[in-house]
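Sequence lines set the chain letters: A, B, ... in the order given, protein chains first and strands last, and positions in each chain run from 1.
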Protein chains: 2
Amino acid sequence: MKARTSDLSCKAMSPHRSRRRIPDATVARLPIYLQLLIEQLENEVANISSDELAALAAVNAAKVRKDLSYMGSYGTRGVGYDVEYLVYQIRRELGLDHEWSVVIVGAGHLGQALSGYGGFSERGYSIEGVFDIDDKKIDVAVGGVRVRHLDELPQVVAQRSVSIGVIATPASAAQDAADRLVKSGVTSILNFAPVVVNVPFGISVRRVDLSVELQIISYHEQRRLTAAAQLRAVNGDGSINATA
Amino acid sequence: MKARTSDLSCKAMSPHRSRRRIPDATVARLPIYLQLLIEQLENEVANISSDELAALAAVNAAKVRKDLSYMGSYGTRGVGYDVEYLVYQIRRELGLDHEWSVVIVGAGHLGQALSGYGGFSERGYSIEGVFDIDDKKIDVAVGGVRVRHLDELPQVVAQRSVSIGVIATPASAAQDAADRLVKSGVTSILNFAPVVVNVPFGISVRRVDLSVELQIISYHEQRRLTAAAQLRAVNGDGSINATA
DNA sequence: GCGACTTTGTGAAGGCGCGCACAAGCGACC
DNA sequence: GGTCGCTTGTGCGCGCCTTCACAAAGTCGC
Ligand SMILES: NC(=O)c1ccc[n+]([C@@H]2O[C@H](COP(=O)([O-])OP(=O)(O)OC[C@H]3O[C@@H](n4cnc5c(N)ncnc54)[C@H](O)[C@@H]3O)[C@@H](O)[C@H]2O)c1
Ligand SMILES: NC(=O)c1ccc[n+]([C@@H]2O[C@H](COP(=O)([O-])OP(=O)(O)OC[C@H]3O[C@@H](n4cnc5c(N)ncnc54)[C@H](O)[C@@H]3O)[C@@H](O)[C@H]2O)c1
């Protein structure tokens with residue numbers, strides 16, 4: 001169950017620094033817009049219409065406008081949106097106007113790939129520590145970060161005021177990792193292990209399960225195949241009609 | 001735009017081998033149920049109620065029953081569901097009753113982690129090839145698979161009848177990778193690069209962007225912080241009330 | 001300054017998914 | 001064989017999300 005902050009109080013907030021609730025679906029798209037807008041900025045595009053941004057993100061233009069309108073009305077009718085200002089606004093709304101400290105638990109294949117990934121620091125996430133229990137992994141530097149023993153977790157979380165923890169341990173150790181993260185003071189968790197972890201109320205967990213993604217794909221792939229088989233049966237035979 | 005097979009024809013299909021459309025939200029949960037049910041099987045639990053499964057998956061029990069009912073009615077009232085039969089049914093529905101061949105494009109950190117990951121073969125996915133363009137990476141074995149040059153992609157896809165491709169290249173090369181995958185005959189793509197790739201109609205793409213996940217987390221984290229700040233302002237000061 | 005054109009912001013409608021609540025069905029026990 | 005208790009399967013209302021459509025509001029050219 002995703003923790004959802006109960007916010008009856010936030011209906012009519014102060015006009016500036018808007019704090020109305022943004023729908024989950026919109027929050028999931030804002031980072032994509034942000035990415036595209038930053039690319040536009042690099043190409044020295046100063047202005048963009050909802051139609052253009054929609055084409056880049058492969059979504060409906062009205063959806064783009066409604067998404068952006070949740071942050072306030074920053075567009076100019078007849079012209080479009082100022083890219084730089086939009087980038088600023090989305091950044092602020094997503095909380096990217098300051099750095100976030102992150103710790104990773106589990107220094108295996110995935111943990112190492114994550115800790116060495118440049119895309120995180122680019123976006124304002126600072127990996128403050130990578131932790132493991134296997135002595136063979138400890139003190140080895142991966143991706144510019146020295147692996148520490150898990151026992152040092154509480155200390156690092158407290159010192160660096162870490163609020164986000166990533167679980168990259170085997171499934172069997174994920175619940176333990178979550179418990180330790182929570183006890184250390186982390187309030188949000190990104191879990192890559194294929195298990196459901198239980199956390200106290202108020203702590204939020206996002207699960208990213210790559211096997212699940214593949215299984216969703218194969219469901220659709222299988223439907224495609226059976227649909228094609230049925231078509232063949234109807235048409236007598238013949239080629240599967242190409243990507244129209 | 002997610003490719004959605006137009007299926008007006010499938011409303012009243014043959015009674016056995018049900019092929020009605022399953023809602024996307026349900027398809028995304030079935031792999032999680034499957035995982036949990038397999039664990040139950042390992043613990044020699046032969047029967048399970050929707051309540052129990054719901055607790056394990058941290059979802060509503062009615063949702064579980066409705067999800068399962070899309071595959072047909074396989075439960076026994078007053079008793080629950082036969083775990084083994086349920087595993088069989090979900091497997092069949094997701095297309096996991098046979099192996100799926102997968103290729104990975106990009107043998108960097110992520111590509112190597114993925115190709116060595118045991119969880120995929122456990123679930124019936126067979127990595128048929130890992131491809132790169134960097135000569136330094138080619139012919140090196142990663143995770144039991146030898147890295148091949150990208151030019152060999154069409155050949156491998158055709159020979160092994162690969163239908164699923166994974167993109168683990170830098171963002172700048174992702175569109176090229178997608179084009180090559182499609183041209184080789186792959187019909188579904190799992191994209192880890194933080195870009196929107198364009199594909200012909202009929203090809204489906206799922207994007208997994210870890211940075212986006214972190215940004216969704218930090219949005220909620222930031223709301224939590226400002227909410228706490230407002231509370232402090234109201235209460236005069238004092239501790240942020242703990243996870244109730 | 002005015003008209004034509006462009007693009008935003010949003011009201012309203014439709015669709016989808018969630019969860020309640022309950023009838024229907026099954027087993028167990030007497 | 002009947003009753004009782006338990007669990008499934010699902011109809012229904014509700015709320016969220018998407019999309020259409022259009023008035024409002026701005027720019028540009030003259
Ligand atoms: N490798 C992938 O591509 C991939 C893909 C999808 C999902 N996953 C999931 O990600 C997780 C990690 O995968 P991986 O391939 O990196 O595994 P791995 O075995 O390479 O690494 C796991 C690491 O966790 C450490 N560890 C074990 N118990 C621990 C504990 N209690 N506390 C802290 N650290 C502990 C181990 O020492 C090891 O270094 C797994 O749950 C896996 O299912 C991985
Ligand atoms: N490493 C991570 O943890 C992580 C996390 C999130 C997202 N990603 C994304 O995943 C992708 C891969 O990340 P990475 O860390 O493995 O990068 P990487 O630089 O380690 O590896 C990229 C690999 O792709 C190869 N490559 C480059 N151009 C290619 C082409 N045209 N065709 C085939 N191969 C090509 C390179 O030779 C290299 O081996 C990136 O898009 C990245 O943004 C990675």
For the residue pair [Y] / [X], report whether a side-chain donor-acceptor contact shorter than 3.5 Å exists.
X: A:Asp179; Y: A:Gln175; answer: yes
X: A:Gln35; Y: A:Glu39; answer: yes
X: B:Gln89; Y: B:Tyr85; answer: yes

Check: B:Lys66 side chain, C:dG19 base, donor-acceptor under 3.5 Å:
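Flag set: donor-acceptor pair detected.
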Roughly, in whole Å, what's the span from [atom1] in [X] to [atom2] in [N]?
X: B:Asp82; N: C:dG27; atom1: CG; atom2: P; answer: 13 Å
X: B:Asp67; N: C:dC16; atom1: CG; atom2: P; answer: 16 Å
X: B:Arg29; N: C:dG19; atom1: CZ; atom2: C1'; answer: 11 Å
X: A:Asp24; N: D:dT18; atom1: CG; atom2: P; answer: 11 Å
X: B:Tyr70; N: D:dT8; atom1: OH; atom2: C1'; answer: 15 Å
X: A:Lys63; N: D:dA21; atom1: NZ; atom2: P; answer: 17 Å

If we check side-chain contact (heavy atoms from CB on, under 4.5 Å) with B:Leu56, which of these qualifies: B:Val64, B:Ile32, B:Ile48?
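Exactly one candidate clears the test, B:Ile48.
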Over 12 non-hydrogen atoms of neighbours within 6.0 angstrom of CD in B:Glu221
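Yes, because the 6.0 Å sphere around CD of B:Glu221 holds more than 12 heavy atoms from other groups.
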Heavy-atom count around A:Glu84 CD within 6.0 Å, excluding the residue itself: above 12?
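No, not enclosed.
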Which protein N or O atoms sit under 3.5 Å from an N or O of nucleotides 6-9 of chain C?
from  : atom 1 : to      : atom 2 : distance (Å)
C:dT7 : O4'    : A:Gly78 : N      : 3.1
C:dT7 : O2     : A:Gly78 : N      : 3.4
C:dT8 : OP1    : A:Ser50 : N      : 2.7
C:dT8 : OP2    : A:Ser50 : OG     : 2.6
C:dT8 : O2     : A:Arg77 : NH1    : 3.3
C:dG9 : OP1    : A:Gly75 : N      : 3.1
C:dG9 : OP2    : A:Tyr81 : OH     : 2.6
C:dG9 : O4'    : A:Arg77 : NH2    : 2.8
C:dG9 : N7     : A:Arg65 : NE     : 2.9
C:dG9 : O6     : A:Arg65 : NH2    : 3.1

